[in-house]
Amino acid sequence: EDAVRHEVAMRAVHGEVEAINFHGEAINEETNRIRKYYQKEREKGSSYFFLLDECAFFSSTILFRRECLNEVGRYDPAFPIYEDYEWYLRFALCYPIHLLGSPPIVQYRVHAGNVSSHYDPKAIAKIYVAILEKQLLLIGEKYSGPAYRRAKGRILAKLAEFYSRTEDKDRVKASLCEALQLDPALALDWRSLKRLLFALL
């Protein structure tokens, strides 16, 4: 009962997902990939920094209190896809999001008609760049001091990933160099080192 009261008191909760194909059959490989993400989330918590690195939330699994919209706002129509990811980041800046300990509560259908399948990788990367550049403007409203430097460093490191996908080596290098100055711990992140290697080659 105490656990139930705790979950009810949370501002937002989400559940797990089962991936299915066009015919409604389970896609075990994709489902297991999502479950691995949720396992990491249970270990580390659904913090803003965790969501920056990776996000496997689905709008159909999230339940939140209506008053949260007064602060967080709604989806930003400036983003044709991944507007939900941009919203999750804004929400996580304001409130924690708790993963329910339960079996999958929704099924996610994977098929060729999924919206993101109509965009080429570079177009998708540019949308992520726009989302993260917006985050650079928002974090100053929520963080200061070391927390701000860490948040900005993490965003810049993530931006470098998508700059690399658009083959913009100059911006990859500039973003990573600034990120490492703000958060030297990123030097131990193999993903950041991989992006920096790309920029230098």
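Note that this is a predicted model, so its numbers are computed, not measured. Atom set for the values below is all heavy atoms of this structure, side chains included, hydrogens, waters and symmetry mates excluded.
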TODO: Taking only Lys NZ, Arg NE, NH1 and NH2, and the carboxylate oxygens of Asp or Glu, determine whether Lys44 and Glu54 approach each other closer than 4.0 Å.
DONE: no

Task: Working for ring-ring contact (aromatic ring centres under 6.0 Å, His included), residues Tyr95 and Phe64 - done: CA-CA 10 Å; Tyr95 305 105; Phe64 58 90; 9.5 Å; no

Task: Neighbour count >12 (heavy atoms, 6.0 Å) for atom NZ, Lys134 - done: yes

Task: Shared hydrophobic cluster, Phe79 / Leu132 (ILVMFWY, side-chain heavy atoms < 4.5 Å) - done: yes

Open item on the list: Please determine whether side-chain contact (heavy atoms from CB on, under 4.5 Å) holds for the pair Gln107 and Val17, giving the CA-CA distance in whole Å, both sets of side-chain angles, and the decisive distance to 0.1 Å.
Closed with: CA-CA 6 Å; Gln107 292 180 318; Val17 174; over 6 Å; no

- [ ] Would you please say whether a donor-acceptor pair under 3.5 Å links the side chains of Thr166 and Tyr128?
- [x] no

- [ ] With ring-ring contact (aromatic ring centres under 6.0 Å, His included) as the test, would you mind laying out the steps for His14 and Tyr38 before giving the verdict?
- [x] CA-CA 10 Å; His14 79 94; Tyr38 291 147; 5.4 Å; yes

Open item on the list: Assess the residue pair Arg165 and Lys122 against the criterion (side-chain contact (heavy atoms from CB on, under 4.5 Å)); give the C-alpha distance rounded to whole Å, side-chain angles, the decisive distance to 0.1 Å, and a yes or no.
Closed with: CA-CA 6 Å; Arg165 295 184 188 182; Lys122 284 189 177 181; over 6 Å; no

TODO: Indicate the atoms forming the closest heavy-atom contact of Ile155 with Gln135, along with that distance.
DONE: CD1-CB, 3.8 Å

Open item on the list: For Leu156 versus Ala179, what's the shortest heavy-atom pair and its separation?
Closed with: CB-CB, 3.8 Å

Task: Evaluation steps, ring-ring contact (aromatic ring centres under 6.0 Å, His included), between Tyr37 and Phe50 - done: CA-CA 10 Å; Tyr37 168 87; Phe50 181 74; 5.2 Å; yes

TODO: Mark yes when over 12 heavy atoms from residues, nucleotides or ligands other than Glu67 sit less than 6.0 Å from its CD; otherwise mark no.
DONE: yes

TODO: Start with the C-alpha gap between Glu86 and Arg90, add the side-chain angles, then the distance that decides, and say whether salt bridge (Lys or Arg N to Asp or Glu O under 4.0 Å) holds.
DONE: CA-CA 6 Å; Glu86 190 273 332; Arg90 276 190 282 126; 2.7 Å; yes

Open item on the list: Testing Tyr85, Phe91, Tyr108, Tyr88 one by one against Phe57 for a ring pair (Phe, Tyr, Trp, His ring centres under 6.0 Å), which residue passes?
Closed with: Tyr88

Open item on the list: Does this structure show an ion pair linking Lys40 with Glu43, if we count only N-O contacts that are shorter than 4.0 Å?
Closed with: no

Open item on the list: With a sphere of 6.0 Å drawn around NZ of Lys36, does it hold more than 12 non-hydrogen atoms of other residues, nucleotides or ligands?
Closed with: no

Open item on the list: By the definition side chain to side chain donor-acceptor pair (under 3.5 Å), identify the one residue from Lys152, Arg154, Arg150, Arg149 that meets it with Asp183.
Closed with: Arg154

